[in-house]
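Below, chains carry the letters A, B, ... as their sequence lines are ordered, and counting in each starts from 1. Side-chain atoms are counted along with the backbone in the values below, which use heavy atoms only and exclude waters and symmetry mates.
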Amino acid sequence: MAALLLLLLTGVNAYEALTLPLEGKRLFNDMLMPGQVSAWFNTLMTGCTLLYVMLSGRDIRKVGNHVADYFALIFFTLCGLYILSSYNTLLMLFLGIEILSIPQYILAGADKRNLKSSEASLKYFLMGSFSTGILLMGIALLYGAMGTFHISEFSFPTTELFSPLALAGILLIVVAFGFKVSAAPMHLWTPDVYDGAPTPFASYMATVMKVAAFYAFIRLFHNSLGSVSNKWMLVIMIITAATLLIGNITAVFQQSVKRMLAYSSIAQAGFMLFAVLSVNELGRQSLIIYAVAYTLATVGMFTVLAKLKDYTYDGFNGLAKSNPMLAFATAIFIFSLAGIPLTGGFMAKYYAVSALMTQGNAMWLVLFGLLMAAVSVYYYFRVIWAMYFKPGTPQLHEPMTTTDNWLLLFTASLVILVGVAPQLVLAFA
Amino acid sequence: MTGMIQYAWLVPLFPLAGFLINGLGWRSLSRKMGATIGSLSVLVPFIISLLIFLDVRTGSNSVLSYFPFIQSDGLNIPFAFQIDSLSSLFLLIITGIGFLIHVYSAGYMAEDDGIVKFFAFLNLFVFSMLLLVMGANYLIMFIGWEGVGLCSYLLIGFWYKNQDYTSAGRKAFVMNRIGDLGFIVGMLLTLYCYGTLSYSSLFPQIGSANDLVSTNAKEWIALCFFIGAIGKSAQIPLFTWLPDAMAGPTPVSALIHAATMVTAGIYMIARSHLLYDATPITREIIAWIGLATALLTATIALRQYDIKKVLAYSTVSQLGFMFIALGCGAYTTAVFHVLTHAFFKALLFLGAGSVIHAMGGEQDMRQMGGLGKKMRITQITFLIACLAISGIPGFSGFFSKDEIVSAAFAHGKMLYAGALLGSMLTAFYMFRLYTLTFTGGFRGTHDQEHHLHESPATMTFPLIVLAILSVFGGYIGLPAVMSSHHLLSSFLGLNGAVVNQPDFLKSFEALHHQEWTLIAISSIVAIAASIAGWAAHRKPAFSANKGLALAFEKKWWVDELYDAIIVRPFLALSSAFDRGVERKGIDGLVNGTGKLVRWSAERMRLLQSGQVGYYLFVMVIGIALLLAIGFFGNPF
């Protein structure tokens, strides 16, 4: 049922992407302004959700008794995503972020009998509330300075007379977004929550939710605040560098693949921040490619993880012998996350780096990012090493079905497709 | 484009197909199949080459462009073949002798497990060699040039289980690479100066009115190409690889290391004769290096005991003769000697192979003697080859070598004396070889004597054909006093493919009245030296060599010299780099980075305490810092 509905939603969004004007159409008293690009982004993300539901459907059903609720919450999240991709006022931005986040708090605690799950949910909720407060504060200050919520009506005086009120508002919004996309130093919740939450939901949190927040991020900062980018550029640069450093370095020491993926999602956020920093067309395109490539590979990895009993690296030992198809698909996902050519991850990193280079202000950050990408190969490839070069018999919760295998291979082939033909992803972007 | 020439692309196609079939199917093909495919894929091109040759003789020639090979801004190198008298002659040599040697190999290698692979390599060699001579620009030539080097390496080390053989292969490859570097630099200089590598657009520029390139630059280009030739054609100082290359199976020595590949350098210079016409200094260098090589290696050949080693040094020495001719500007003479040398040297090697086959792998002449009684065909054909190489009047070698000696005379008296000495040494060591091997009493073990037998027909047939060619091959180039019509040089001169240097031609023609004298002198020298060589070794006594003879036997210690001044310092340097820079410096840096990452990972992990209060505290600190930076630290 859920899959059918998602299919329908994908179709509707694709239709919208074909018919909506590029500059956008004003809806609900100017509250929303969906355009071609945002509809296309919705299409892609709904499609990814569809794939996610098909891949993890069985795992979702196993989490608890309230299966219908879980799916409903996933649809709420999607609703938040649609608002975030087309908001035109700061109020709708706030509404979207909350609609996106609140279902996640609940999903994180879905495994009620598991203490870790409840702990994750509570931690997430507490810290999320904190960041909500910061976001509201930022919006209030910005409203105070601008006199309007409509982001398309923002106008800034010449730089010397730039209002400190507006600057404070912008920086607080940056911090709040940083929390949602788990950028350092607002990332600390991420490993604990991903680790504690039921695996299929951690997967959704790490992908669609994070990507939606990113899209909202650039929607505000590229268009309305793009003209004053010199005011917020340095802060985001520092955040990016810190995110890349902490995400990658900390991932090196993890013993659990699930925790490693949590840190990797922080590290990947560092690269997606490149898109925010670049403030250009290429940056937006790079975010969309990154969103798709990262979502596909991460959802794939979490799906594999949900099948295994042991989440540590040792749990992967000898997987290539016992489940060659599973291991092969995993290898593709890992390659993509590490940014090896021919996979979507490579193209995503390539676009992100070239966007930032076109912008030209932060060459040191480009170099630093590439250095950190090299570090990331270390912890990603440990999985491949375990699967292909270590002896062992991995324990699966239940044997893989043919459908599972083929769906994973299909996802892996999509990862390759994005790497070979990124222009498909950019059809309407 | 007329007649057969337009089918020239078929010529290299067959060996390539043969290589692919044998190379891919070497596990599944039977020995007979492999040998048949290998031989046929050279026979068919030989027939085509023959038809092309007949076409070219009527005066047609052309450049066949197939597709653009390298195309970039201002640089356009097509994949093209040039068919003219020079390349068609080499086509005949390569495919003709190549075919005979393929047939011979079918018998020689019949017992070897790797015979199919062997034929695959041989086919690949023929393909590369054809590319080398057919290419219409230096780049295509270079592809073939590298290809034959590779095949030579593969075939020298064909019996790869023997450590010495593989290091001989490696030595050949490395020495060739040194020469190749010269070739590459030459190509780049040509491109830089003339903007093209195609013969048809390059050579007309040289020496024409609008040739703005200085003579010095031309000398450098010519010298660089000559360095390439030094490597491939085994001249001083890069000659030591060729004797070692005898580690390969004997048919390989015959085809690659005597008849074809090593003459690539001569082909290249003959092909570029218009360039060398304009560079007298380089030609002088060529002539003297040729002479030095011819003499040095001829002396070494005097005191070698390995039958193939003697032939190897003799090959180097003969190549030296060809370079003397090139240096004098007598390009057609050099090509003439390439041709006759291909006949008799291939014959000598194949004969030696037949002997080694009969002796069960023994190559030391001290163990031989009196083989003539058991192997009549081998003996007679071998004798013919010895007569030919020694320059006995009437045999092919006489005509070509006499032409070289005359050319040297026209060039200068010193060169003439040297060349004459060289041909005297040649005759002496060849008859030493013949006498030790085929006459007298048998000196080997009883088992070996029992095993002696004439080789099978697949091996004797090529011997006979080559013997006939060794006798009559010289009549296409009679000296001017005997006939006013030099068939070879008029053929090579068609459409100006190869023409001797103009100044040289003048001084050569001035010699006509002395020619009978010169012929008489070189004939007497050759005959006397041959008899001396025979007489001195009729009753051999092998005592330890002393003095000069020891220097000959030890090859003038050239290998040891290279080892001491190049190889060992180089090894010492690289091991110093290995220990100092690689292990301490680079490894230290790399491992140090890894350690740093792990160390900081361990520290950073501790940030993650699991306490929400602590997390919020970190966040607040972070926000405060970011706000401070945003407000006060903004450089933009």
Side-chain angles (χ1 to χ4, degrees), chain A residues 119 122-127 129-131 134 137 159 162 164 167-168 170-172 174-176 178-179 183-192 195-196 228-239 242 245-254 259 262-263 361 371-372 374-375 378-379, chain B residues 24 27 67-73 574 577-636:
Chain A
E119 184 197 335
L122 189 63
K123 263 187 194 167
Y124 194 12
F125 176 64
L126 283 176
M127 300 191 69
S129 313
F130 187 72
S131 90
I134 292 173
M137 186 71 185
T159 30
F162 196 78
L167 181 58
I170 290 172
L171 292 181
L172 287 178
V174 166
V175 168
F179 177 86
M186 288 73 73
H187 69 286
L188 289 161
W189 60 275
T190 319
D192 290 5
D195 201 25
V228 289
S229 62
N230 56 339
K231 293 287 170 194
W232 47 263
M233 192 66 89
L234 181 70
V235 169
I236 297 189
M237 277 183 193
I238 291 170
I239 291 179
L245 182 73
I246 291 178
N248 282 303
I249 298 288
T250 319
V252 166
F253 220 79
Q254 302 306 318
R259 266 188 105 80
Y263 284 106
N361 260 339
L371 211 63
M372 285 297 136
V375 171
Y378 173 79
Y379 57 81
Chain B
L24 296 175
R27 278 176 201 282
F67 53 87
F69 188 55
I70 293 180
Q71 217 163 14
S72 96
D73 180 45
S574 43
F577 268 104
D578 179 42
R579 269 179 280 126
V581 178
E582 168 72 23
R583 291 201 202 155
K584 290 218 184 85
I586 295 175
D587 280 7
L589 205 65
V590 170
N591 293 338
T593 314
K595 273 187 201 137
L596 180 73
V597 168
R598 288 188 69 87
W599 180 84
S600 46
E602 220 168 330
R603 297 286 167 292
M604 238 178 247
R605 195 170 56 113
L606 302 177
L607 276 179
Q608 204 74 30
S609 68
Q611 303 295 321
V612 176
Y614 167 75
Y615 289 175
L616 292 180
F617 175 69
V618 172
M619 246 176 97
V620 169
I621 298 277
I623 294 166
L625 281 176
L626 288 175
L627 281 177
I629 292 166
F631 270 95
F632 305 114
N634 207 331
F636 297 111

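Of the residues considered (Val597(B), Ile621(B), Thr593(B)), Val597(B) shows the highest number of contacts with chain A, using heavy-atom pairs under 4.5 Å. Contact count against chain B (heavy-atom pairs under 4.5 Å) is highest for Leu167(A) among Leu167(A), Val252(A), Ile134(A). Between chain B and the options Ile170(A), Val175(A), Thr250(A), Asp192(A), the largest number of non-hydrogen pairs under 4.5 Å is found for Asp192(A).
Within the 4.5 Å cutoff, the side chain of Leu234(A) has heavy atoms near those of the Ile629(B) side chain. Proximity of Tyr378(A) to Arg598(B): side-chain heavy atoms (C-beta onward) are separated by under 4.5 Å at one or more points.
The line from CG of Leu172(A) to CG of Leu627(B) is 5.5 Å long, rounded to the nearest 0.5 Å. Rounding to the nearest 0.5 Å gives a distance of 5.0 Å between CG of Leu626(B) and CD1 of Ile239(A).
Here the closest non-hydrogen pair linking Leu188(A) and Tyr615(B) is O-CE1, 3.4 Å. Nearest heavy-atom pair across Val618(B) and Pro185(A) is CG1-O, 4.3 Å. Shortest non-hydrogen contact noted between Ala601(B) and Ile249(A) is CB-O, 3.1 Å.
For Leu126(A), the part lying near chain B is the side chain, with the backbone staying farther off; criterion is any non-hydrogen pair under 4.5 Å. If you measure heavy-atom distances from Ala242(A) to chain B, you find no contacts under 4.5 Å at all.
Environment of CZ in Phe130(A): crowded, with over 12 heavy atoms of neighbouring residues, nucleotides or ligands closer than 6.0 Å. Within 6.0 Å of the CZ atom in Phe617(B), the count of heavy atoms belonging to other residues, nucleotides or ligands does not exceed 12.
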